[in-house]
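Throughout, a chain's letter reflects where its sequence line sits, starting with A, and its residues are numbered from 1.
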Amino acid sequence: MSADLPRADELGLIGCHVCGLVCRDTGAEHAHCPRCHSSLHRRKTASYSRTWALLIAAFIFYIPANVLPIMRTASVGDIDDNTILSGVIELWVKGSPDLAVIVFTASIMVPVLKFLALVTLLWSSHRASPWARRQRSKLYRLVELIGYWSMLDVFVVALLTALVQFGVLSLVEPLPGVVFFGLTVVLTMFASMSFDPRLIWDGRESDD
Amino acid sequence: MTSPDPASTRMAEQQPLLICEHCDTVYRRRELCCGEVARCLRCDAILERHHRLGVGGMFALVVTAMLVFVQANVWPIVTLGLNGQLISTTLWGAIIMMWREHSQIVSVLAAATLFFFPLCKMSLLGWVLFFAQRGQRAPGFRQAMVALHRVGPWTMSEVFVLGALVAIVKARVYFDVILNPGIFAYAALTLLITVFASIDLRRLWELVPETPA
Ligand SMILES: [Zn+2]
């Protein structure tokens with residue numbers, strides 16, 4: 001059914017990435033959108049290499065983000081360094097399993113799924129695979145939609161740090177893991193932005 | 001040749017065409033009825049949706065969001081009580097504390113995604129809509145629209161509300177926790193931002209005709 005729908009590329013048209021205006025593809029090297037003056041591209045520039053680079057960088061940061069503790073809670077002589085995972089376990093044990101599930105989903109599942117999803121998208125699109133294109137498109141939109149929820153733990157640490165300034169009885173201190181985690185989230189967001197979902201549909205010769 | 005011939009690029013503009021952002025499929029545009037959503041046949045992405053809110057409604061929404069935003073930032077979010085001592089924090093309290101505790105990157109991230117980007121988004125949108133209401137293009141309309149497009153994904157107020165909830169539960173273990181108006185303002189802001197998100201900004205390009213310079 002979708003095979004006979006015309007694509008902009010075949011009709012010599014370009015949709016502006018920024019304002020959506022339909023422009024004629026003049027084949028010029030540095031064309032600009034007449035409406036918003038952003039540069040016009042058939043596809044996002046160097047989508048594969050940029051997405052791979054950002055994704056690999058994000059993955060490298062993701063290791064210390066999980067291994068290093070993100071927060072120290074200290075109460076009367078009792079120092080407790082929490083990593084993301086141990087924070088989730090603590091939340092579970094201390095009686096809010098529903099929130100523990102939310103934090104686990106946002107901080108551990110979402111980033112891991114995002115890595116897997118983007119690698120799948122990059123790999124399959126690079127091979128011009130016709131496999132499950134519609135589902136892959138949906139997967140990309142899901143990645144874009146859920147990506148930033150991973151900032152959850154970063155905000156939790158920031159708020160707790162600010163709140164607990166008593167010093168005498170107990171204190172909360174941010175530890176380096178939270179920095180790596182924040183950077184992982186930002187880098188994965190950049191990675192999903194630099195991926196061009198049109199590549200999913202760019203077959204080698206024909207469309208289907 | 002460095003830029004396309006304006007005459008030939010504009011020819012395409014005259015035809016009511018629409019390109020799916022996600023798969024490059026070209027459609028002929030059709031006016032949508034109330035509440036209708038146009039989806040791409042190829043990839044199922046949303047192409048366009050009809051919005052009940054007119055320009056005036058959107059402007060009112062932005063103004064409301066700005067008022068709520070001021071309150072969310074001025075009022076404390078939560079108060080902790082311990083042995084009769086009370087301590088509370090605002091969003092900026094948290095940001096400044098992170099900066100002092102040697103997590104400058106986190107504090108910059110929080111300030112940008114929770115304060116500067118949302119502020120930017122609301123002011124630009126407010127500016128553009130204020131003029132659009134009178135059928136005019138705001139000065140700097142083009143720059144404002146491009147900036148809005150870029151800032152889009154970087155506002156995270158709704159994540160912050162959930163984060164505050166988790167922080168409150170964690171703090172409950174050690175302290176008495178009192179919720180302050182700030183957190184409710186944030187919750188309201190989250191609702192408003194969700195409505196914003198469904199507004200198709202690109203429609204504004206067509207809604208406000210270009211005024212000859
Ligand atoms: Zn599509």
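None of A/Ile200, A/Leu55, A/Val143 except one satisfies the side chain to side chain contact (heavy atoms under 4.5 Å, CB included) rule with A/Phe195; the exception is A/Ile200.
For residues 106-113 of chain B, a heavy-atom distance under 4.5 Å to chain A picks out B/Val106, B/Leu109, B/Ala110, B/Thr113, given by residue number. Proximity to chain A at a heavy-atom threshold of 4.5 Å picks out nothing from residues 117-127 of chain B. Using a 4.5 Å cut-off between non-hydrogen atoms, the part of residues 183-190 of chain A that approaches chain B consists of A/Leu183, A/Val186, A/Met189, A/Phe190.
With a 4.5 Å cut-off on non-hydrogen atoms, A/Phe181 does not touch chain B at all. For chain B, the nearby part of A/Arg43 is the side chain; its heavy atoms alone come within less than 4.5 Å. Looking at A/Gln135, there are no atoms closer than 4.5 Å to chain B (heavy atoms on both sides), in backbone or side chain. In this structure, chain B has a heavy atom under 4.5 Å from the side chain of A/Thr73, while its backbone stays farther away. At a 4.5 Å heavy-atom cutoff, the contact between B/Tyr27 and chain A is made by side-chain atoms alone. Using a 4.5 Å cut-off between heavy atoms, A/Leu152 contacts chain B through both its backbone and its side chain. The parts of A/Val178 that come within reach of chain B are both its backbone and its side chain, each placing non-hydrogen atoms under 4.5 angstrom from that chain. With a 4.5 Å cut-off on non-hydrogen atoms, A/Ile14 touches chain B through its backbone but not through its side chain.
Distance check, rounded to the nearest 0.5 Å: CG of B/Leu189 to CG of B/Asn73 gives 8.5 Å. The structure places CG of A/Leu68 at 8.5 Å from CG of A/Leu175, a figure rounded to the nearest 0.5 Å. One finds the CG atom of A/Leu121 at 6.0 Å from the OG atom of A/Ser125 (value rounded to the nearest 0.5 Å). Between A/Ile146 atom CD1 and A/Arg141 atom CZ the span is 13.5 Å, to the nearest 0.5 Å. Expressed to the nearest 0.5 Å, how far CG of A/Asp81 lies from CD of A/Glu173 amounts to 8.5 Å. Atom-to-atom distance recorded for A/Cys23:SG and B/Ile19:CD1 is 8.0 Å, nearest 0.5 angstrom.
In terms of non-hydrogen atom pairs under 4.5 Å with chain A, the most contact-rich of B/Thr79, B/Val26, B/Ile95 is B/Val26. When each of A/Glu144, A/Glu90, A/His37, A/Lys94 is scored by its heavy-atom pairs under 4.5 Å with chain B, the top score falls to A/His37. Counting heavy-atom pairs under 4.5 Å between each of A/Gly20, A/Ala106, A/Cys16, A/Gly15 and chain B puts A/Gly20 at the top. Comparing A/Gly182, A/Ser38, A/Ser137, A/Ala8 by heavy-atom pairs within less than 4.5 Å of chain B, the highest count is held by A/Ala8. Ranked by heavy-atom pairs under 4.5 Å with chain B, the list A/Ser150, A/Gly87, A/Cys19 is led by A/Cys19.
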Exercise. Please lay out, stage by stage, how B/Asp44 and A/Arg134 fare under the test salt bridge (charged side-chain N to carboxylate O under 4.0 Å, His left out).
Key: CA-CA 7 Å; B/Asp44 207 34; A/Arg134 222 174 147 87; 3.6 Å; yes

Practice problem: Tell me, with the steps shown, if B/Trp75 and B/Phe184 meet ring pair (Phe, Tyr, Trp, His ring centres under 6.0 Å). | Solution: CA-CA 10 Å; B/Trp75 288 336; B/Phe184 297 113; 9.8 Å; no

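Other residues, nucleotides and ligands contribute only 12 or fewer heavy atoms inside 6.0 Å of the CZ atom of B/Arg100.
A donor and an acceptor atom, one from each side chain of A/Ser124 and A/Arg136, are located under 3.5 Å apart. Judged by distance alone, the side chains of A/Arg7 and B/Thr25 never bring a donor and an acceptor atom under 3.5 Å apart.
The nearest pair of heavy atoms linking B/Ser88 to B/Asn180 is CB-OD1, 4.1 Å. The nearest pair of heavy atoms linking B/Cys20 to B/Ala45 is SG-CB, 4.2 Å. When all heavy atoms of A/Tyr48 and A/His126 are compared, the closest pair comes out as OH-N, 3.3 Å.
A salt bridge does not link A/Asp25 to A/Arg42: none of the charged nitrogens lies less than 4.0 Å from a carboxylate oxygen.
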Tabulate below the donor-acceptor pairs under 3.5 Å that side-chain atoms of residues 143-167 of chain B make, not counting sequence neighbours, or state none.
| residue | atom | partner | partner atom | Å |
| --- | --- | --- | --- | --- |
| B/Glu158 | OE2 | A/Tyr148 | OH | 2.7 |

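Between B/Phe141 and B/Phe131, a ring centre-to-centre spacing not shorter than 6.0 Å is recorded.
Using a 30° and 60° split on the angle between ring planes, A/Phe180 and A/Phe61 fall in the tilted class, from 30° to 60°.
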